[in-house]
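In this chain, residues are counted from 1 in sequence order. Ligands are counted one by one from 1 in listed order, and the atoms in each one are counted from 1 as well.
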Amino acid sequence: MTLVAIDGPAGSGKSTVAAALAARLGLARLDTGAMYRAVALAALERGVDPGDADALAALARGLEIEVAETVRVDGRDVSAAIRSPEVNAVVSEVAAHPAVRAELVRRQRAWALARGSGVVEGRDIGTVVLPDATLKVYLDADPAVRAQRRAAGGHLPGEGATSLRERDAKDAGRAASPLRVAPGALVIDSSVLGVDEVVGRILAALAGRGGVPPTPTPAPPRAPRPAPASRGPGAGELAFYRVCRAIAVGASHLYFPGPVLGRRELPRGPFILAPTHRSYVDWLIAARVTRRRLRYLVKEEVWRSRVAGRLLEALGASPVARNSADRQAITHALGVLRDGEPIVVFPEGTRRRGPAVADIQEGAAYLALRAGVPIVPVALGGSERAMPRGSTLPRPTRVRILVGEAIDPAAFLPGAGSGGRVPRVATHALTEHLRQRLQELLDAAEGRAGAEGAAGGGG
Ligand code: DC
């Protein structure tokens with residue numbers, strides 16, 4: 001679990017840094033300023049006096065506020081409206097009321113509790129909302145630089161250094177949870193630093209704190225594992241595989257046209273390819289991710305069909321019992337990885353329906369930790385439409401395959417090397433991290449509001 005609290009004045013770069021950091025760590029981000037802005041906007045629209053604490057608190061309690069890629073109040077997209085000069089003018093006053101703060105702080109804590117990990121930005125996150133965060137950061141910058149950034153970012157049209165200073169003075173001077181540097185916070189002056197440098201400092205501090213550290217930093221090349229348990233494919237086996245793959249991939253392109261994005265990031269050595277699972281044709285779609293031979297762990301039931309079983313075997317698959325720590329399958333998978341080959345494991349275990357990636361199985365994380373190989377999350381956008389559960393034949397459908405950055409399991413094993421006992425907490429943490437990455441990728445692949453750019457580079 002990694003909770004990062006980022007506080008600082010307006011224009012200090014919090015939002016940009018929080019977004020970049022969250023993307024780097026594969027975590028969700030919460031902009032708490034947007035919540036205060038949402039209440040201020042609702043107050044303006046409903047004629048509630050920004051000085052009336054009770055009326056504002058009642059208003060806040062009754063609002064449904066959703067802060068994600070867009071900001072919604074009672075279902076309406078107010079992303080632009082909350083950044084208006086009118087809202088800028090009253091938001092500090094609205095945010096100064098302890099009763100309003102109590103309601104929003106409660107929601108912010110609930111957000112963090114529900115996720116366990118995330119990047120939360122605001123003014124009182126390290127001091128009040130999440131004083132036990134893994135890392136607290138206080139971002140600052142010269143007022144002139146901040147005013148410039150805000151104007152350039154289009155957040156506060158026309159707001160100069162003077163009015164920013166006024167707002168800061170209000171935020172810092174108020175009685176309830178004023179803007180302060182939290183005890184133990186890492187203070188960064190971003191006046192002359194780029195986003196990458198600020199994020200780099202935060203990542204370095206996080207690694208030093210021993211919280212679940214950042215993962216998607218490029219993993220150092222791994223030494224090949226000693227003593228392979230079984231040999232790689234022979235020439236004949238490989239030729240047969242290539243023919244089968246060519247047919248499968250040809251059919252896949254024909255039936256399910258669409259791009260594969262991000263595959264340039266694939267590791268060279270062994271890895272676990274972890275796709276989302278919404279249909280029986282997923283293995284056919286996933287086969288397009290790499291030309292290398294992909295080995296599969298496929299649930300036992302599928303092998304009952306003789307045709308599927310034969311084909312799967314030819315394609316390097318092995319059966320796995322679902323919902324059980326199938327020893328044989330694990331031993332087999334470890335052997336494949338030791339041979340330096342990639343293996344496909346569907347972390348959702350069985351075909352799921354709908355947009356949520358939830359309750360994923362721990363096998364992929366466990367294997368990654370045991371073998372010391374990265375996991376590559378992949379979203380197969382559109383596959384559910386290609387062959388929804390219950391249908392007997394696939395239908396031609398456009399798909400979008402997003403390959404995410406490789407997740408290095410070493411970051412989840414503080415101190416210990418790979419190959420030994422795998423601590424449960426590491427498996428849980430890596431599983432949750434993988435789940436979040438898959439969710440973001442699937443949202444992006446399906447074109448839902450979310451992590452566009454969640455995949456690594458093009459390809
Ligand atoms: O970060 P921002 O400029 O969008 O914040 C809008 C206002 O909300 C700002 O005046 C400070 C206030 N705020 C707060 O009091 N506590 C927070 N955690 C976040 C923002």
Under a heavy-atom criterion of less than 4.0 Å, does Glu121 contact ligand 1?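 Not so, Glu121 does not reach ligand 1.
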
With the threshold set at under 4.0 angstrom, would you say Arg101 reaches ligand 1 through any of its heavy atoms?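 Within the 4.0 Å threshold, so yes.
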
Charged N-O contact under 4.0 Å between [X] and [Y]:
| X | Y | value |
| --- | --- | --- |
| Glu446 | Arg278 | no |
| Arg83 | Asp31 | yes |
| Arg180 | Asp124 | no |
| Glu197 | Arg201 | no |
| Arg123 | Asp171 | yes |

Side-chain donor or acceptor of His97 paired with backbone N/O of Pro50 under 3.5 Å: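 The answer is yes, because a donor-acceptor pair under 3.5 Å joins these two groups.
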
If the cut-off is 4.0 Å to any non-hydrogen atom of Arg83, which atoms of ligand 1 fall inside it?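 Per the distance check, 4 (O).
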
Which of the atoms in ligand 1, numbered in the order shown and given with their element, are less than 4.0 Å from a heavy-atom of Ala95? 12 (C), 15 (O)

Do any nitrogen or oxygen atoms of Asp124 come within less than 3.5 Å of a nitrogen or oxygen of ligand 1?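 Yes, Asp124 has an N/O under 3.5 Å of an N/O on ligand 1.
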
Geometric N/O contact Arg123 with ligand 1, under 3.5 angstrom: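 Among all N and O atoms of Arg123, at least one is under 3.5 Å from an N or O of ligand 1.
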
Just let me know how Arg37 lines up against ligand 1, side chain, backbone, both or neither, with a heavy-atom cut-off below 4.0 Å. side chain

Between Arg174 and ligand 1, which part of the residue brings a heavy atom under 4.0 Å of the ligand: side chain, backbone, both or neither? side chain

